[in-house]
Amino acid sequence: MKNNWKAMKIKNKVLIFCCLVSSFPVMAQAIQVKETLLENRTNPTGIDVLHPQFTWILEASNRNVTQSAYQIQVSENKANFDKNLLWDSKKIKSSQSVRVLYEGPDLASAKKYYWRVKVWNQDNKDSKYSDVGMWQMGLLKPADWKAKWIEAEYVEDSVHRASPMFRNDFKIDKKIESATAIITSHGLYQAFLNGKKIGDAYLTPGWTSYNKRLQYQMYDVTKLLQQGENAVGALLGSGWYRGPLAWGDNLNIYGKNLALLMQIEVQYTDGTSAIFGTDENWKSTSSDILSSQIYNGEVIDSRKEKEGWKRPNYSTENWSSVNVKDFDNSNLVATYNEPIRKHETFKPLNVITTPEGDKVIDFGQNLVGFVMVTATGKAGDSITLDHAEVLDKAGNFYTDNLRAARQENTYILSGKGEEIFEPNFTWQGFRFVRVKGIKGEINPDDFTAVALYSDMQQTGTFTTSNKLLNQLQHNIQWGQRGNFLDVPTDCPQRDERLGWTGDAQVFSKTAAYNMHVDNFFTKWMKDVSADQFDNGSIPHVIPNVLGNAGGSAGWGDVSTIIPWNMYLLYGNTDILKNQYQSMKGWVDYMNGASVNNLWNTGSHFGDWLFYAPEDDNDGRAAITDKYLIAQCFFAHSTQLLINTAQVLDKQEDVEKYSALLEKIKKAFLNEYTTPNGRLVSGSQTAYVLALNFDMLPENLREQAAKRLAENIQSYNYHLTTGFLGTPYLGQVLTRFGYHDLAYTLLMQKTYPSWLYPVTAGATTIWERWDGRKPDGTFETPTMNSFNHYAYGAIGDWMYSELAGINSSEKEGEVGYKNIIIKPHLKNNFVSDEVRKQNNDDALTEVEGSLITYYGTVKSHWKVEGKQTFIDIQIPVNTTATVYLPESDKSKIQESNKELSSHKEINIADQDENNTVLSLGSGDYHFVIN
Ligand code: BGC
């Protein structure tokens, strides 16, 4: 006891000393490197970019810290870093800390490199070197593949298509320095070394336009190898490659046979190396996965498990040989984005017996992944799990909205004690699971739901004083988790799950607030280019599995909108360079399809799923002319192409497309507006698009915005927009001075609105505003997903206007190099009804944060009585323009002192509503009295 007390006293002394030191600026490190990224990832393996880019995140304890210079060093050896230096940038005077290009000697295939960086601050004080980061190059030439493609040799049951398995042994008799496995497949694979799964990724090699771009993955397997005999094996699943996709019996889209390509490169401590790859010596047989399909699920019969096959000294007597295939490897590419991994797990919230007598587990969250089951029983006993998103009005298990997707996993027990099951090459979208085959009570402990999604960092948080709004944000994030499985899908559960281009572009900005989607979209956009039609038109889904279907306004514009968003939000100029031809192709396609600059041909989805009441006696359906929409997106894509040409310094194109844009807008005015600026379609979407894309001359905009406001009022303060109008609705209202109206729409709880599904118990974003109607019945099962992120696009407005976190869009300031913080604190209800729904309570607190390539940006405001508190965090090496909603600067204090007493706070501007500050990095605590 006495000793403990003494220890505490010492600890306190240390604590007090630490506090003194850290508040003593001279002692503190002036600037430090907190984190390093290579090609936007932490220590990535498998990089096939010849000049990779370095990014580092800085920290400092003082305000106003910037970088004035940096020095990068790359070495071939981590332990002897200095002795094996490959490249030293030397001290470079520059403030650039994001995407700095490697400019050293050529990098070698499969080789590991180590790097570190130091920086100097604005006073030329240097940091320590960062921790050493690592990356490993991919296989840079097809000839680097020594392994051979193999297919199973036995004749497969062409109906059930059991998953094939492959194995081989190899010997290691020298000391291992390091080992890498490089794997890809036709179909999905799981690979094993000496009984252990290689890596923790799922659904590898992911989904790309396989025939043109097939990804491989690289894994460090040093620890999985052993001296002497080693066993290597793999299981394959039909997956996207040859399983049913889209509708009908659409099988074998990419090919009929599954195949494996795998090589293990071993470096020995004596400097020699060896490669063990798939070849004619491998064996194949059919596995205990009797059938495996993305939509329909898996059947696993563990009685058929070949015990010990993943380990050495296993006899393959009854196995077949393999067929070696001579496929061209020129389509093989390294994996650029984060792999799919397991994430959150959920235990049953409730076990229900439905009125129809089904035993159903409720996991409490609509999620995407699968359920792990622990079971004991006799050989041949089976457990079947069916998955559903919702229960119907009567409380019964409801699967009609899954259409033809069975979403069913069946596990047949071996009878050898406790067994743990999970599917291998499929996933389900569900909250509820119907369990068949368990006699007696269901033990909730035996069931765990696991979420699967691309392993992107969560970058954004958004919370407010309003619970429903917080639930809306939760739903948006879960919509994103469930639909970002290597490609951005429309939905994760029914017989669809495709990379619908419209949905992805609509949600892309919100997605970039919630998660680090830079590499995810960079990868997917390469497939957009790869699958773009020769005439420049863009398929409806990417990877394209729908044949010639494409060219819809608002969908095809994915080709310009996502690259531009990635540039603005991540400073990603490369995506503009890489996608430029594709962007141009799309604009030229629209132009070619136009007559006199009017794009009024082709079939379009229009403002998909807009408000249309069933008994529409008085014409309340919010229909927008599809060609009016097409003309707006034609202009928008052309504008983005011009912007891109400007960034890439392509002056000729700037001029050419600027002239075209002028004509597009003129044609729009002639065709779709009256001289007074009334649009032929009076819908909200028509006005939102015309205003957001600057289709109207300045003198008509104010009136148009007023018409939009009146329209919203005429629906008793409800939105009526579909997929295309929704993302810009809030933005347009705020921009034209109707912020309170936007806020009223957001807080509206009756259909159609964002909060209606929340009040109806949604845990994800629904495809339709009324997926479940107020009377508890459902919308038509032919089109009624409960996990469709498109309407979650309001997230962008919540972060950018409520929390007020934005990047400057000026060249050189994008990607949050210059941050604009402009929160709207005064949010009034303009409708009495909405005010009443919310018990008169407007928001009193909003906190948003965002991890950028510079560090964390935060904006947190709180109103308490007559005081307003605003806390802001600005990362090192950035600047910020901050709008404080008080024009009288004498009423504003920062850290308990008047603004004027802070030398580092610049008052840049003052208008009738705001004091505008120019700030450097640091934490700021403002109080407005
Ligand atoms: C998808 C959508 C998609 C649409 C095209 C639907 O089946 O689920 O989200 O954008 O088709 O209209």
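First listed ligand is number 1; within each ligand, the first listed atom is number 1. Treat the numbers as computed from the prediction; the structure is a model and nothing was measured.
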Would Trp500 count as a polar contact of ligand 1, with the cut-off being nitrogen or oxygen pairs under 3.5 Å?
no
Closest to atom 7 (O) of ligand 1 among protein heavy atoms sits Glu496 OE2, 2.5 Å
Here the atoms of ligand 1 under 4.0 Å from any heavy atom belonging to Asp503 are 2 (C), 3 (C), 9 (O), 10 (O)
**Asked** His718 and Trp769: aromatic ring centres closer than 6.0 Å?
**Response** no
Taken in chain and number order and not counting sequence neighbours, the residues that satisfy ring pair (Phe, Tyr, Trp, His ring centres under 6.0 Å) with Phe397 are none
Here the atoms of ligand 1 under 4.0 Å from any heavy atom belonging to Phe723 are 9 (O)
>> Gln505 vs Asp557, test: side chain to side chain donor-acceptor pair (under 3.5 Å). Steps then yes/no.
In response: CA-CA 8 Å; Gln505 71 82 1; Asp557 301 280; over 6 Å; no
For Asp534, look at atom CG and say whether over 12 heavy atoms of other residues, nucleotides or ligands are found less than 6.0 Å away.
-> no
Next on the checklist: Measuring from non-hydrogen atoms of Glu767 to any atom of ligand 1, is the shortest distance under 4.0 Å?
Outcome noted: yes
- Task: State if His604 counts as touching ligand 1 under the rule of any non-hydrogen atom under 4.0 Å.
- Result: no
* Asked: Looking at the rings of Phe462 and Tyr799, which for Trp means the six-membered one, are their centres under 6.0 Å apart?
  -> yes
Note: His540, heavy atoms under 4.0 Å from ligand 1, region reported as neither
Per-atom filter on ligand 1: closer than 4.0 angstrom to a heavy atom of Asp490 are 1 (C), 8 (O), 9 (O)
What verdict does the side chain to side chain contact (heavy atoms under 4.5 Å, CB included) test give for Arg494 and Gln407, after you've listed the backbone C-alpha separation in whole Å, the side-chain angles of each residue and the deciding distance to 0.1 Å? CA-CA 8 Å; Arg494 69 183 178 214; Gln407 288 218 111; over 6 Å; no
